[in-house]
Number of protein chains: 2
Amino acid sequence: MNDTSSVSSEKRHSVLEAAETLGYTPNPAALSLLNKRTGGVGVLLPYVSGEFFADLLNGLDEAAQDNEHFLVVSTSHRKPKEFRAAMQAMQKRVDGLVIMAPELDDDGAQTILKSEDHITFINTYLDHIPAEENSVEVLNFDNYAGAHALTQHLIELGHQHIAYITGAPGAGDTRERRRGYRTAMAGVGISDTSALEFDGDYTQAAGYAAAQEIISTTPRPSAIMAANDYCAMGVISALHEAGIAIPEEMAVTGFDGITSAQYTLPPLTTVQVPTHTIGYQAIDRLVHRLDEYGEGDVRHQVLPVELIVRESTVP
Amino acid sequence: MNDTSSVSSEKRHSVLEAAETLGYTPNPAALSLLNKRTGGVGVLLPYVSGEFFADLLNGLDEAAQDNEHFLVVSTSHRKPKEFRAAMQAMQKRVDGLVIMAPELDDDGAQTILKSEDHITFINTYLDHIPAEENSVEVLNFDNYAGAHALTQHLIELGHQHIAYITGAPGAGDTRERRRGYRTAMAGVGISDTSALEFDGDYTQAAGYAAAQEIISTTPRPSAIMAANDYCAMGVISALHEAGIAIPEEMAVTGFDGITSAQYTLPPLTTVQVPTHTIGYQAIDRLVHRLDEYGEGDVRHQVLPVELIVRESTVP
DNA sequence: CTGTTAGCGCCTTCAC
DNA sequence: GTGAAGGCGCTAACAG
């Protein structure tokens, strides 16, 4: 008996003690059968790589522990079909879902929202969320503002010929960052940036390859904005190999603000995104939503980002 | 009805079809109450940081999906008490546990082994495993051989004054790597390395701090072996700041072989450990153990590592 | 304040 | 070949 029935405090004490000694724990499966609550939160990630996801998981885990929930993690679901299967598997095992799916399109989203689960999306751009369906919340970084600030910073330093390496194709964050770049460029009269944009993704290898392409274009840009910090590391490596001095001959910027960005040579100017925070909040709010409110509250929340200027850009 | 009862295949078909249409799935909680199997595997990590853990999680997740199990992840349990609590919580929710606890001492291990669970330890050094207790397996990197090969490599290049930055204090992998270093040094007559060893851990900050200390000692060492690749990144940063050329004036080595180690300036000589593989195997073998064998098989397995020579050491 | 009972969702056993 | 019943571990609601 937990607290409900009226039992002599004496007897309850002895029972609790016995339970302690024997290491007894109520069977979670039986509990969840009764309460219709499992005490778990599912986390659906597109993939896991690098410091960004490590930080994210730390935030998720910390919040889960604070709220006494366990974490069921599943990754590698960039394909809609696998994604669906993973959701299916999670469905009845957890009380709510945290989903990061930057590559999710609107059709896919509609299918997800059919399930009457509590969901918190992170770093996911959804256009049409039907407000009545269920309990949904969206938490995003301000990718647009970050990229805009970064571009603006370079422009203020006198750069005009700024190359841009795009992130993973088809992802919402990629689109948002590029939009920030384009808008800032348009602000100084450069409305066609097509010759300055280069395909990439969020890896060092992509940055390395894109940089090699960029340095061979004429006229050569004076700055490279990489898709993120890892991409920038690849850029730096390529420039170093080609004997191009950073920042004297070429400025380089990143995105995310991972720890390693402090330790590149030279240290990287970048945008710090609140990775740990978004993870923590995603779980924390989801769990509170589970307890307190019912269905039907859809909210968008954009987390601020911070420009970090290090010595990699020309003064 | 799944396959057991004898039912007309016609009727079965129609039922299966209906299930598909309605999106019906048997309630996992009820199943686990019946079968005494949850279909989940618990993962207990000391913490999550950087590319190493991202790779590890990829391996774990891939194996979990291949074996149709879900992953319950819990981290931040360097304290025995929290660790115990996490195990308790996992206990009945999963069929087996993968535990990485390099800092676990033998007493702590005994307590863990009391629980009659199936466990696979990774990167964890246990001395006294009672073979009869339950189903246990231990998977480790060959940390000793890796550090030994690295030291040997430096020695063959003519280095004698080799500084060593130790990993996280109290961890088994730290001890093993240091042992490899000491043994190799003793092999060339340097049996007292106390003046050459510097406290550190597995972070860039630790490498940065330790390197500053090392370069101010006299006589100055000609090589620095960092605890791991992240630590080495901090070393490189400090050396660069002090104007010390790598590798001409100082050789630097790492450990782990993370992707970023290719993109340091210069690229890092390091030891490649099979991070993804250890994760995959841990789950894969655990699940197979669950199905096929009973209790009582304890095995140690050491995974080979590979020396990767890049341009950071003097020729 | 205590003891009993019904039932959460499912599957296996046993009678029909 | 089919239907009904029992029970996995637990707790809420009830009767004593």
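Letters A, B, ... mirror the listed sequences (proteins, then strands); counts begin at 1. None of the values given here were measured: they were computed from a predicted structure.
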- Item | Bracket notation of DNA chain C in which parentheses pair within the strand, [ ] cross earlier pairs, and | pairs with another strand (Watson-Crick or G-U, under 3.5 Å) | ||||.|||||||||||
- Message: Once you apply a heavy-atom cut-off of 4.0 Å, does B:L34 come out as touching a base, just sugar-phosphate, or nothing?
- Response: base
- Check whether any side-chain N or O of A:Y24 sits under 4.0 Å from OP1 or OP2 of D:dG9, and answer yes or no. no
- Query: Among residues 88-97 of chain A, which contact DNA chain C at a heavy-atom distance under 4.0 Å?
  - Reply: none
For [X] and [Y], does a side-chain donor sit closer than 3.5 Å to a side-chain acceptor?
| X | Y | result |
| --- | --- | --- |
| A:D173 | A:N123 | yes |
| B:Y230 | A:T259 | no |
| A:N143 | A:Y125 | yes |

- Query: Any side-chain hydrogen bond (donor to acceptor under 3.5 Å, both in side chains) pairs touching residues 31-50 of chain B, not counting sequence neighbours?
  - Reply: B:R37-B:D95, B:R37-B:D291, B:T38-B:D95
- Query: According to the side-chain hydrogen bond (donor to acceptor under 3.5 Å, both in side chains) rule, which pairs have a member within residues 16-30 of chain A, sequence neighbours left out?
  - Reply: A:T25-B:Q88
- Which salt bridge (Lys or Arg N to Asp or Glu O under 4.0 Å) pairs, counting each pair once, include a residue from residues 21-32 of chain A, with sequence neighbours left out? none
Atom-to-atom span, [atom1] of [X] to [atom2] of [N] - whole angstrom:
| X | N | atom1 | atom2 | result |
| --- | --- | --- | --- | --- |
| A:K36 | C:dC10 | NZ | C1' | 13 Å |
| B:N35 | C:dT12 | CG | C1' | 11 Å |
| B:N27 | C:dC11 | CG | P | 10 Å |
| B:L33 | C:dC11 | CG | P | 12 Å |

- Report the nucleotide, chosen from D:dG9, C:dC10, D:dT11, that has the shortest atom-to-atom distance to any side-chain atom of A:L31. D:dT11
Name the atoms and distances for all side-chain donor-acceptor pairs under 3.5 Å in residues 276-283 of chain B, with sequence neighbours left out.
residue	atom	partner	partner atom	Å
B:H276	NE2	B:E62	OE1	2.8
B:Y280	OH	B:D66	OD2	2.5
B:Q281	OE1	B:R285	NH1	3.1

- Can you tell me how far P in D:dG6 sits from the matching atom in C:dT5, rounded to whole Å? 14 Å
- Sticking with atom P, work out how far D:dC10 lies from C:dC1, rounded to a whole angstrom. 25 Å
- State, yes or no, whether a side-chain contact exists between A:E51 and B:F53 at a heavy-atom distance under 4.5 Å. no
- So, do B:M90 and B:V72 sit near enough that their side-chain heavy atoms are less than 4.5 Å apart? yes
